[in-house]
Amino acid sequence: MHVSRLVFNNKGIYENWNNYVEEHPDKTPHHRAEFLIIINEAFGHDCFGFIAKDGIGNIVGILPIVQIQSYIFGNYATSIPFFNYGGILASSDEAKKSILNAIKTFAIENKLSSFQLRQTNRIVNEQLTINQDKVCMILELPKDMKQIGEGNAKKRAKLRSQAHLAVRKSAEMGISVSQSFGHLDLLDDYYKVFALHMRDLGTPVYSKFFLRTALNILGERATLTVVYWGRKPVGCGFLIQFDDYMEIPWASTLREANHVSMNTHMYWNIFNHALSRGIKRFDLGRSSRDSGTYKFKKQWGAEPKQCYWHSWAPKGGVPANLSPTNSKFSVAIKLWKRLPVWLTRIIGPPIFKRLP
């Protein structure tokens, strides 16, 4: 068993890597080369791929990894940051063990404080600590929107009524409500909503350059959607599609539109759009169990898929606590919520690029 390391950038050809990903039963879109290229091009982080090959040169395992150097957390690596999935894909326990040993050696040689693997399955290894605080909410889309939602027909009818509240209220007020699906043409309006929502959450915002880079590299696989209340954008979502799978890694609605259930209205239209694209499985992203976002996603009929986030640190070290619940963030979050949006759009992206 031989493990080698690739350096990912926009100049490489990664057909063999992607072919292995596509054939693996535990694949996620985030294992594909495109996501490492997006991160490298938008943030400048070093992006690597560990590849295990058998004696005749066949790929039997891969690990995408991104190295980030942060003033807060030190020099660490994640597979992969900014998205929900990553970790090792392997065809055998031997290949998985070989890759794990290779990343540990890499970490020691490069003086990493720790690394994190965002697995969809658990790795049994006494040197790894595991965090199971998060789940990803997966919705198997019905063939008819009338069948969407958990529970009985009465509960589904109530959800439909809530989804159409914005339409009823806009008619009463003489204001139009509409939702557009597009690409780079919607980026400016998308970012207006996204930046304001992130400020309200107390979280530094991605740069518009990162989103533009993702749209350019993913091409037709990426779609933006924006909801307008009158002429004002009040809701937005970033959609990524691979075959009959779609995910929404980033979505926002403004608080001022909560009184018309704008979030429910937006997602209703997103699911309807997904059905028109032949989507069967929709990933609503990660949540903490029983949180508000968990319950919102659960009402559509989504079921939790456990996230296994494994961390490792050199002997005597402690893995970086990369969670927003880290007490280091509490004061910063309170202060961030008070900043003007224009300022967060300037100082937020340089901070966020160092946070996974």
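As a basis for the values below, the full set of heavy atoms in this structure was taken, side chains included, without hydrogen atoms, waters or symmetry mates. Bear in mind that the values here come from a model prediction, so they are computed numbers and not experimental data.
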>> With side-chain contact (heavy atoms from CB on, under 4.5 Å) as the criterion, how do Val227 and Trp229 come out once you've worked through the C-alpha distance, each side chain's angles and the decisive distance to 0.1 Å?
In response: CA-CA 7 Å; Val227 184; Trp229 184 253; over 6 Å; no
>> What verdict does the ring-ring contact (aromatic ring centres under 6.0 Å, His included) test give for Phe106 and Phe50, after you've listed the backbone C-alpha separation in whole Å, the side-chain angles of each residue and the deciding distance to 0.1 Å?
In response: CA-CA 10 Å; Phe106 172 84; Phe50 288 87; 5.7 Å; yes
>> If you apply the rule side-chain contact (heavy atoms from CB on, under 4.5 Å), what do you find for Phe82 with Phe35, and how did you get there?
In response: CA-CA 10 Å; Phe82 315 115; Phe35 289 89; over 6 Å; no
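Within the model, atoms CD1 of Ile138 and CG of Asp283 stand 3.5 Å from one another, a figure rounded to the nearest 0.5 Å. Taking CD1 from Ile148 and CD from Gln299, the interatomic distance works out to 10.0 Å, rounded to the nearest 0.5 Å. Expressed to the nearest 0.5 Å, how far CG of Leu196 lies from CG of Asp200 amounts to 4.5 Å. Summarising the geometry, atom CE belonging to Met246 is positioned 10.0 Å from atom CD1 belonging to Ile240; distances are rounded to the nearest 0.5 Å.
Among all heavy-atom pairs drawn from Asp26 and Thr120, the shortest one is O-OG1, 4.2 Å. The minimum heavy-atom distance between Ile38 and Thr213, with the atom names listed, is O-CG2, 4.0 Å. Closest of all the heavy-atom pairs between Val205 and Arg345 is CG1-CA, 4.3 Å. Across every non-hydrogen atom of Trp312 and Gln127, the tightest pair is CD1-O, 3.4 Å. In terms of heavy-atom proximity, Ile279 sits nearest to Leu141 at O-CD1, 3.5 Å. Listed here is the closest heavy atom pair of Asp189 and Pro233: O-CB, 3.9 Å.
Paired with His30 under the rule ring pair (Phe, Tyr, Trp, His ring centres under 6.0 Å), one option of Phe242, Tyr85, Tyr245 passes, and it is Tyr85.
Tyr308 and Gln306 share no donor-acceptor pair across their side chains, judged by distance under 3.5 Å alone. A donor-acceptor contact closer than 3.5 angstrom is absent between the side chains of Ser287 and Lys134. Judged purely by distance below 3.5 Å, without hydrogens or angles, the side chains of Tyr20 and Ser91 pair a donor atom with an acceptor atom. Under 3.5 Å, the side chains of His273 and Asn269 contain no donor-acceptor pair of N or O atoms. Between the side chains of Gln241 and Thr223, no donor N or O sits under 3.5 Å from an acceptor N or O.
The cluster map of Ile, Leu, Val, Met, Phe, Trp and Tyr, joined by side-chain heavy atoms under 4.5 Å apart, puts Leu128 and Trp309 in different clusters. Tyr190 and Val193 are not part of a single hydrophobic cluster, where members link through side-chain heavy atoms under 4.5 Å apart. With hydrophobic clusters built from ILVMFWY side chains whose heavy atoms lie under 4.5 angstrom apart, Phe296 does not share a cluster with Leu165.
For Ile346, the CD1 atom sits in a packed shell: over 12 heavy atoms of surrounding residues, nucleotides or ligands are nearer than 6.0 Å. Under a cut-off of 6.0 angstrom, the local environment of NZ in Lys27 is crowded, with over 12 non-hydrogen atoms contributed by other residues, nucleotides or ligands. Dense packing is recorded around CZ of Arg212, with more than 12 heavy atoms of other residues, nucleotides or ligands lying under 6.0 Å away.
Residues meeting the ring-ring contact (aromatic ring centres under 6.0 Å, His included) test with His2, sequence neighbours left out: none.
Using a 4.0 Å cut-off between charged nitrogen and carboxylate oxygen, Asp188 and Lys208 count as a salt-bridge pair.
The side-chain tip of Arg5 points at the ring of Phe48 from less than 6.0 angstrom away and within 45° of straight on.
The closest side-chain heavy-atom distance from Asn10 to Asn40 is not below 4.5 Å.
Applying the salt bridge (charged side-chain N to carboxylate O under 4.0 Å, His left out) definition to pairs two or more places apart or across chains, those involving residues 150-168 are Glu150-Lys298.
A ring-centre distance under 6.0 Å is not found for Phe282 and Trp300.
The aromatic rings of Phe43 and Phe210 lie parallel to each other, their planes meeting at an angle below 30°, with 60° marking the opposite boundary.
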